[in-house]
J.: 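Quick one: the structure is below, and I'll ask about it shortly.
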There are 4 protein chains.
Amino acid sequence: MIINVDLAAEVPIYQQIRDQVVEAIAHGTLTEGSTLPPIRTLAADFGINFHTVNKAYDLLRQEGLIRLSRKTGAVVTAAATDQYLPSDWTAKARTLLAEAVARGIPADDVLHACRTLLDSFSATQQEDKP
Amino acid sequence: MIINVDLAAEVPIYQQIRDQVVEAIAHGTLTEGSTLPPIRTLAADFGINFHTVNKAYDLLRQEGLIRLSRKTGAVVTAAATDQYLPSDWTAKARTLLAEAVARGIPADDVLHACRTLLDSFSATQQEDKP
Amino acid sequence: MIINVDLAAEVPIYQQIRDQVVEAIAHGTLTEGSTLPPIRTLAADFGINFHTVNKAYDLLRQEGLIRLSRKTGAVVTAAATDQYLPSDWTAKARTLLAEAVARGIPADDVLHACRTLLDSFSATQQEDKP
Amino acid sequence: MIINVDLAAEVPIYQQIRDQVVEAIAHGTLTEGSTLPPIRTLAADFGINFHTVNKAYDLLRQEGLIRLSRKTGAVVTAAATDQYLPSDWTAKARTLLAEAVARGIPADDVLHACRTLLDSFSATQQEDKP
DNA sequence: GTGGTCTAGACCACA
DNA sequence: GTGGTCTAGACCACC
């Protein structure tokens, strides 16, 4: 699994790490039981402080995507599949989609872009859609 | 056009204003040539500093959605500035969609949610535009 | 509102702060809209680092008990009343109650102790039970 | 008596063992004079280090719930060591109950949950003891 | 002036 | 050797 952080970006480093782990899980690059690199190792690789990585991992733990323990390290948990899309997700999606439509992109194109992105996840995930 | 800001929310006020203007444009509530309320008026309505409103309008100007001038105030510009989705939009969309998939939501459900949101824009658009 | 921390205790300082805020909310000492002391102020009062207080406040924010913002500081939110007792609460309660019973305390006495504690909350909360 | 440990859980293994023994004593599954499995046997069953089991047993010994000796192994002691609830138990209970009340759960519901848990102990106790 | 992010480095708990 | 806690101090974003 490959993670890249942009130290000069406006988005917080811990958020970048969190986002890339989320995407890796969606892609299937990380599956249930996969272990993430140790906090301090990842920090050393990026040349950043381990507290920053810790914050990213803690976020993922709060979201129920990974489990942290001193013995096993950071382990990806089973996808919960417990619920529907939370309201704050829908709110963020509404704003994002509105942004595209407001720029004059046809709704069909926006939807197509979403489908393409979603397909890219499934393709990697299942290897049965070539 | 109605804007509501939640002074106690975790999302910055200027972002809330910007988002609601974007959504209003997508809905068709605001169309090309529509004028937004004067900065100081809007600030007074919400009881917030006019710098905050100014920041929101400046963001919209940077995105090419409105034009600012001393004489005409804030005017919504023609929509078709970009024909393609910018890469940072795709990046944000990828993260958002991955978030849903990583939580175990089926891709079809996610796509359906997107379609529903997009349809809600068009519905309002056609009502208000003819 | 009075908070005391024991620097020498085995329970983490941030947890002590979090627990006392939770108890203050249950007691009614802190109600919806009450503001907690600024992170750095509280840290200075206790002679501890502001990061420690920050962690406590962040925990409370995750639990939905307070809202944090740069302008309003830490504000107690409305009690959600959205759900039943979560399963992990029940698990902790089971262990705690078992602890008392295993020591030979009659179940009635344990229940009575629980009622007394709960009554002490209500008494302060409503001022109608003197 | 059946003990289950979740090696991947966030709660320390020694704590899990200790908690389950406490609950078994409360239930009446373990009564005065019952012997717990030898440390090394239990450790082998779970595939964990015997120091971990040792720590759990030592905790129980400190709490006066079991007696350790080379000859007899770990034996459950008479329950009636304390007649009153220790202050740290009350403190933990206060925090736990406050947690529920602060989330908006009515005090009656919380008390009812406690009674249900306590009843579940007694039910098992009487079944197994006559 | 508030909280948010990041760094650097210490010691502890668990296994 | 892992994550967890705490300290000390820096700069930034928002208002």
Side-chain angles (χ1 to χ4, degrees), chain A residues 5 7-17 35-44 46-59 61 66-75, chain B residues 5 7-16 43 46-56, chain C residues 5 7-17 35-44 46-59 61 66-75, chain D residues 5 7-16 43 46-56:
Chain A
V5 294
L7 299 180
E10 75 291 352
V11 45
I13 297 173
Y14 74 87
Q15 186 78 35
Q16 295 180 42
I17 297 173
T35 60
L36 271 57
I39 290 182
R40 284 164 173 83
T41 304
L42 199 58
F46 294 151
I48 60 177
N49 194 276
F50 79 92
H51 285 120
T52 305
V53 180
N54 185 38
K55 185 159 187 175
Y57 279 24
D58 195 52
L59 259 182
R61 184 185 58 74
I66 67 172
R67 205 186 302 120
L68 295 173
S69 95
R70 305 190 218 234
K71 49 184 178 303
T72 59
V75 183
Chain B
V5 295
L7 297 178
E10 73 290 354
V11 43
I13 295 175
Y14 76 89
Q15 184 80 33
Q16 294 181 43
F46 296 147
I48 59 179
N49 195 297
F50 79 94
H51 285 116
T52 305
V53 181
N54 188 38
K55 185 161 186 174
Chain C
V5 294
L7 299 178
E10 74 290 351
V11 44
I13 297 174
Y14 74 88
Q15 185 79 34
Q16 295 180 42
I17 297 173
T35 60
L36 271 57
I39 290 183
R40 285 163 171 84
T41 303
L42 200 58
F46 294 150
I48 59 177
N49 194 276
F50 80 91
H51 284 119
T52 305
V53 181
N54 185 39
K55 186 159 187 175
Y57 279 23
D58 195 52
L59 259 182
R61 185 186 58 75
I66 68 173
R67 205 186 301 120
L68 295 174
S69 94
R70 306 189 220 230
K71 49 183 176 305
T72 59
V75 183
Chain D
V5 295
L7 298 177
E10 73 290 355
V11 43
I13 295 175
Y14 76 89
Q15 185 79 35
Q16 294 181 43
F46 296 146
I48 59 178
N49 196 297
F50 79 94
H51 285 116
T52 305
V53 181
N54 188 38
K55 184 160 189 174

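Letters A, B, ... mirror the listed sequences (proteins, then strands); counts begin at 1.
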J.: Can you list everything that forms a salt bridge (charged side-chain N to carboxylate O under 4.0 Å, His left out) with C/Arg40? Sequence neighbours excluded, please.
T.: none
J.: Whole-Å distance between E/dC12 C1' and A/Arg70 CZ?
T.: 8 Å
J.: Answer whether the closest heavy-atom distance between the side chains of C/Ile13 and C/Ile48 falls below 4.5 Å.
T.: yes
J.: Going by number, which of residues 46-58 of chain A have a non-hydrogen atom under 4.0 Å from DNA chain E?
T.: A/Ile48, A/Asn49, A/Phe50, A/His51, A/Thr52, A/Lys55
J.: Whenever both distances are under 3.5 Å in a Watson-Crick or G-U wobble pair, mark it; put DNA chain F into dot-bracket that way, with [ ] for crossing pairs and | when the partner is on another strand.
T.: ||||||||||||||.
J.: With C/Arg61, which residues qualify under salt bridge (charged side-chain N to carboxylate O under 4.0 Å, His left out), at least two apart?
T.: C/Asp58
J.: Sequence neighbours left out, what passes side-chain contact (heavy atoms from CB on, under 4.5 Å) with C/Pro38? Give chain and number order.
T.: C/Thr41
J.: Can you work out whether C/Lys71 or D/Ile13 has the more 5'-proximal nearest nucleotide on DNA chain E?
T.: C/Lys71
J.: List in chain and number order the residues that pass side-chain hydrogen bond (donor to acceptor under 3.5 Å, both in side chains) with C/Thr72, two or more places apart in sequence or in another chain; answer none if no residue qualifies.
T.: C/Ser69
J.: Could you tell me whether the side chain of C/Phe46 reaches within less than 4.5 Å of the side chain of C/Thr52, counting heavy atoms only?
T.: no
J.: Measuring from atom CG of A/Leu36 to atom OH of A/Tyr57, what distance do you get when rounded to the nearest 0.5 angstrom?
T.: 4.0 Å
J.: Does anyone know the first and last nucleotide of DNA chain F in reach of chain B, 5' to 3', at under 4.0 angstrom to a heavy atom?
T.: F/dC14 to F/dC15
J.: Could you list the residues that satisfy side-chain hydrogen bond (donor to acceptor under 3.5 Å, both in side chains) with B/Asn54, not counting sequence neighbours?
T.: none
J.: Return whichever of B/Pro12 or C/Gln15 has its heavy-atom-nearest nucleotide of DNA chain F closer to the 5' end.
T.: C/Gln15
J.: Answer with base, sugar-phosphate or nothing: what part of the nucleic acid does C/Ser69 contact at a heavy-atom distance below 4.0 Å?
T.: sugar-phosphate
J.: Tell me every residue that passes side-chain contact (heavy atoms from CB on, under 4.5 Å) with A/Ala9, counting only those two or more places apart in sequence or in another chain.
T.: A/Asp6, A/Val11, A/Gln16
J.: Measuring from A/Leu59:CG to A/Ile17:CD1, what's the distance to the nearest 0.5 Å?
T.: 10.5 Å
